There are 2 protein chains.
Amino acid sequence: MVKTSIPILNVLADSLDAENVLTDTDSISAYQTATFITSQQVLAVLKPGDATQVQACVKVANQHKTPIYPISGGKNWGLGSRVPVQNNCIILDLSRLNRILDFNEKLAYITVEPGVTFQQVYEFLRQQNSNLFLSVIGGSPDASLIGNLLERGDGIGPYGERATHVCGFEVILPTGEFIHTGFGRFANASATPVSRWGVGPASEGLFTQSNLGIVTKMTFWLRPLPQFFQVFTCSIPDVAYLSGLLDTIQPLMLQEIIQGNCCSVWNSYKVFARQGRYPWKIMDGKTPLHLKELKRFERWFASGAIYSASREQGLAQRQIIEQALAGKVEELVFADDDSNPELREDNLYLGVPSNQNVKSTYWRKKSPIPAQLDPDRDRCGTLWLCLVFPFDGVVISPAVETIEVIIKQYQFEPNLAFNCNSGRSIHLFIAIMFDREVAGEDEKAMSCHDELLQMLTQAGHIPYRLGIQSMNSLPPAQDDYGFFLRTLKQALDPNDILAPGRYDFKNDWK
Amino acid sequence: MVKTSIPILNVLADSLDAENVLTDTDSISAYQTATFITSQQVLAVLKPGDATQVQACVKVANQHKTPIYPISGGKNWGLGSRVPVQNNCIILDLSRLNRILDFNEKLAYITVEPGVTFQQVYEFLRQQNSNLFLSVIGGSPDASLIGNLLERGDGIGPYGERATHVCGFEVILPTGEFIHTGFGRFANASATPVSRWGVGPASEGLFTQSNLGIVTKMTFWLRPLPQFFQVFTCSIPDVAYLSGLLDTIQPLMLQEIIQGNCCSVWNSYKVFARQGRYPWKIMDGKTPLHLKELKRFERWFASGAIYSASREQGLAQRQIIEQALAGKVEELVFADDDSNPELREDNLYLGVPSNQNVKSTYWRKKSPIPAQLDPDRDRCGTLWLCLVFPFDGVVISPAVETIEVIIKQYQFEPNLAFNCNSGRSIHLFIAIMFDREVAGEDEKAMSCHDELLQMLTQAGHIPYRLGIQSMNSLPPAQDDYGFFLRTLKQALDPNDILAPGRYDFKNDWK
């Protein structure tokens, strides 16, 4: 029995075991910590064990009009980690709901709960000797599939636009009712795990980047491993060549010679941060590292993967890509898994999760990287900005140059990476990396972030995903979107108890 | 000035010219006519000229609490044509909103109003000498892109799942407010025509198969024409081989050797109906045509298209398909556009719309097919059932055999066609074709339809799209979906004035 001054917790203790109601200072403090400065207080952390317990928590939260903030894996590093958008929420940590509920090799899907991680699915598929793989994220192997999906995070490989490769959500509404998207509402509907749309209004999208429901189950589609697999890499000396590089890749993607989410473009700083630590020795302990000031090129690197059903098909694809890139890039290299079987091992493009990118959050730390990575605990400073652009060099290049100028003014490294989503759009990830232990860096990094966000949105480039600090930082809607969202939220969550402030754009409400 | 006994029309006459308010018996009668029996009365037909006039109509409808029923092209043949789901609606015919608003060859999109037709876009792209094509429907060239999309109709070719290849909806809510999906709510957002999701809850899906808004603008993505194009055809003697055929195609689609929506499987009756008229002469004026009773095979035919970026790539794809189908099918033939340049002409797979399928609605008519096809006017009897199955022969075959038995019992031909949507799901189209001039056929066809629907839903096979007569014929929801939909509808449309009964599943409301 939990004894506390917060009455709701006494009621919840009827539904949850005491060990799953956390109120001690250490736990609360950990959940209140992100990779950047925050001030939100957390009332308590609940760890329900199944969807029925989640439902019970939601009902009690309504009775007590106390806001709850669900998290899945809590690995939203760079965008807020486990910290709620608003003050005085109770965190609903869903990591104990970690069952794989269904798997089908022929129809290539897997159905999971919110606590299931990328590493867990990877190991499960290996145990099954499956010929299928799940599109993974660049981030932590311990991240939740559902958590990442609900943020509409990017995946790597042909199913990388993961939001179009999922279906069958089970959702608990803010007032405690259960619903299912697609055909899931019909008993024994044969198409539930294979059809996103169902019949009638398609509601899936409403529960992504939203505070309109808690998703407790989802089906992810899996892709067969390719029969013949190739990767390629190339580079350009400088940002001056970026526009040309992007405009060479774009038609290849539009024609599906390179598939969506199968090509990325990184600058030197991103490559350095992923490969290792800040070069403290060379830099004699000084920051920032600005290559041009050291009279070095700031190279950009492109890499991609080609998934083929036969060697002949793969070599034909390679030939088209080679011809298109000829004379436009340097150091163009192809590798295939016939000649290099190790290409299939530890490859993000084939669904093998990796800690490599998480390590980069330790970029500006001077202490050794620990075996158990935890950027929140280790006070790694990381702020992400996630942008989407039309895939057009003329639009993108000037924005990138301005981004670099702003970041350098703040004495950080311009860590930039593109994911080529399709022939039409491209995602840009800006990572501001710092050491939270260095006095003033928290504030400086946030100022840098804010200036970038303001510059970009004024130029019409809107983030496609927001950190918890930016939920009210977007330009005002020019239409009645605020009225629409207010109407939905007030109808579905009359007590505003579910994740208030999270993607609800209350600034626009009217 | 319109003078009528319906007070709302006098008010509306301030917003619309008299010629765009139809109340005469002939017009009303035409709009009340579908390709099957209906009893709904229509109060009047309004033809607004732009979105502002649509908004004015919506506001007046709310003031007078008179339901309005928007249609785009009105070519929803086999599923209800222009007839509202409920009695005593005013039809809002949006066909005058027929402008192409934006087009971009590089980023491959086109933005249109609801009155824009497949034929119109096809001709526009030819005028522009565009290298792009729009995925078309099997139905009328004069159908509306937006109307078909909002029904989540199938397209043909790589962008055939059209609902994942659109973005940027402009929507008028049932109370008259304007909203935009994706990034459209931000002034000058650069990614509006290239990103579906925007930032925050994704609401697009809510406005498909729904009565929650009127879509007045939408962006459709276009695909580049392939550099090398092939089609293939093959057949099997009988339904007994269907399961094997489907299970051979399924892995080819899962591995993306054949792309989604690039392969279809038709039975003989579907082929006959598309190619011509009922064989009255051979059958000596009698119906039905049942091939087995004539000691003929009931063959099934598969056909597909292969889109390649080079001849080498295409031939490699062909080889894989040939090897997979070898020994499983008869009459396998490939053709390519190098050897047969005419393959690119009049090809639905390359975005050329065709009237051929509409002609098949005249299957049981004895009068000549007119130059201007109009199945409603010509009393062509057509009832469609649109099913989705998991792509698994073991699941599909028994359902098909039962479907055939039921249709034959009612003395119709089992006109069946599959569209292979992906490696996971497959759509089955059942067409019941009859002559509405023949006494009793209207009732018999509807009974046949109802028995099929009941058998299929009991077996767990739920339609993915409904005719106006079936909006309350689905099994009850096993969850709180009815509560959810009621909450949304009552919040967004408190007067229930927008297309009442259309995909709102009021039977489930609680």
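Predicted model, so just to flag it, every value in this text is computed and none were measured. By convention in this document, chain letters (A, B, ...) are assigned in the order of the sequence lines, proteins followed by strands, and residues within each chain are numbered from 1.
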For chain B, which of Gln209(A), Met471(A), Glu161(A) has the most heavy-atom pairs under 4.5 Å?
Gln209(A)

For the interface with chain A, which of Arg196(B), His180(B), Arg311(B) has the highest count of heavy-atom pairs at distances below 4.5 Å?
His180(B)

Segment of Pro251(A) engaging chain B (4.5 angstrom heavy-atom cut-off):
neither

Checking Leu206(A) against chain B: side chain, backbone, both or neither under 4.5 Å from a heavy atom?
both

Looking at CH2 of Trp197(A) and OG1 of Thr164(B), how far apart are the two atoms once the value is rounded to the nearest 0.5 Å?
6.5 Å

Side chains of Thr175(A) and Phe484(B), heavy atoms from C-beta outward: is any pair under 4.5 Å?
no

Contact part of Leu315(A) toward chain B, heavy-atom cut-off under 4.5 Å: side chain, backbone, both or neither?
neither

Partner chain B: residue of Ala187(A), Gly205(A), Ser210(A), Gly314(A) with the largest heavy-atom pair count (under 4.5 Å)
Gly205(A)

Does any backbone or side-chain atom of Leu488(B) lie under 4.5 Å from a heavy atom of chain A? Answer side chain, backbone, both or neither.
side chain

Answer yes or no: is there a side-chain heavy-atom contact under 4.5 Å between Leu173(A) and Phe483(B)?
yes

Could you pull out the closest heavy-atom pair between Ser190(B) and His461(A), with the gap in Å?
OG-ND1, 2.8 Å

Measure Glu204(A) against the heavy atoms of chain B and call it side chain, backbone, both or neither at under 4.5 Å.
neither

What's the separation between atom CD1 in Ile462(B) and atom OG1 in Thr192(A), rounded to the nearest 0.5 Å?
8.0 Å

Measure Pro226(B) against the heavy atoms of chain A and call it side chain, backbone, both or neither at under 4.5 Å.
neither

Cut-off 4.5 Å, heavy atoms of chain B, and the answer for Glu170(A) is neither

Lys106(A) with Asp247(B): basic N within carboxylate O range, under 4.0 Å:
yes

Tell me, do Tyr481(A) and Phe178(B) make a side-chain contact under 4.5 Å, heavy atoms counted?
no

Please state whether the side chain, the backbone, both or neither of Asp392(A) comes within less than 4.5 Å of a heavy atom of chain B.
both

Within this structure, what is the CD-CD1 distance for the pair Gln227(A) and Ile320(B), rounded to the nearest 0.5 Å?
7.0 Å

Okay, Pro475(B) and chain A: the region with an atom under 4.5 Å from a heavy atom over there is both

Below 4.5 Å, heavy atoms only, C-beta onward: do Val199(B) and Arg465(A) meet side chain to side chain?
no

Identify which of Pro224(A), Ser425(A), Cys386(A), Ala309(A) forms the greatest number of heavy-atom pairs closer than 4.5 Å to chain B.
Pro224(A)

Do Gln313(B) and Glu312(A) meet the criterion of a side-chain donor-acceptor pair at a distance under 3.5 Å?
no

Quick check on Pro390(A) against chain B: is it the side chain, the backbone, both or neither that has a heavy atom closer than 4.5 Å?
both

Measure distances from Gln490(B) to the heavy atoms of chain A and classify the residue's part below 4.5 Å as side chain, backbone, both or neither.
neither

Of Ala191(B), Gly200(B), Pro193(B), the largest count of non-hydrogen pairs under 4.5 angstrom with chain A goes to Gly200(B)

At a 4.5 Å cut-off on heavy atoms, which part of Leu107(A) comes close to chain B: side chain, backbone, both, or neither?
both

So, do Asp479(A) and Phe186(B) sit near enough that their side-chain heavy atoms are less than 4.5 Å apart?
no

Is any side-chain heavy atom of Glu256(A) closer than 4.5 Å to one of Gln259(B)?
yes

Please rank Leu254(B), Ile257(B), Val388(B), Asn188(B) by heavy-atom pairs under 4.5 Å with chain A and give me the top one.
Leu254(B)

Please flag which part of Phe207(A) lies under 4.5 Å from any non-hydrogen atom of chain B: side chain, backbone, both or neither.
side chain

Can you tell me which portion of Phe391(B) sits under 4.5 Å from chain A's heavy atoms? Options are side chain, backbone, both or neither.
both

Going from NE2 on His165(A) to OG on Ser422(B), what distance comes out if it is rounded to the nearest 0.5 angstrom?
9.0 Å

Could you give the distance from OG (Ser308(A)) to CD (Gln255(B)), rounded to the nearest 0.5 Å?
11.5 Å

Based on non-hydrogen pairs under 4.5 Å, which of Arg502(B), Glu177(B), Gln317(B), Gln250(B) is most in contact with chain A?
Glu177(B)

If you tally heavy-atom pairs under 4.5 Å between each of Ala459(B), Ala108(B), Gly423(B), Ser310(B) and chain A, the highest tally belongs to Ala108(B)

Part of Leu222(B) within contact of chain A (heavy atom distance under 4.5 Å)
backbone

Let me confirm one number: the OG-CZ distance from Ser195(B) to Arg152(A), rounded to the nearest 0.5 Å.
8.0 Å

Considering only heavy atoms and a distance below 4.5 Å, find which of Gly482(A), Ala316(A), Gly460(A) pairs most often with chain B.
Gly460(A)

For a 4.5 angstrom cut-off between non-hydrogen side-chain atoms, does Pro201(A) reach Leu485(B)?
yes

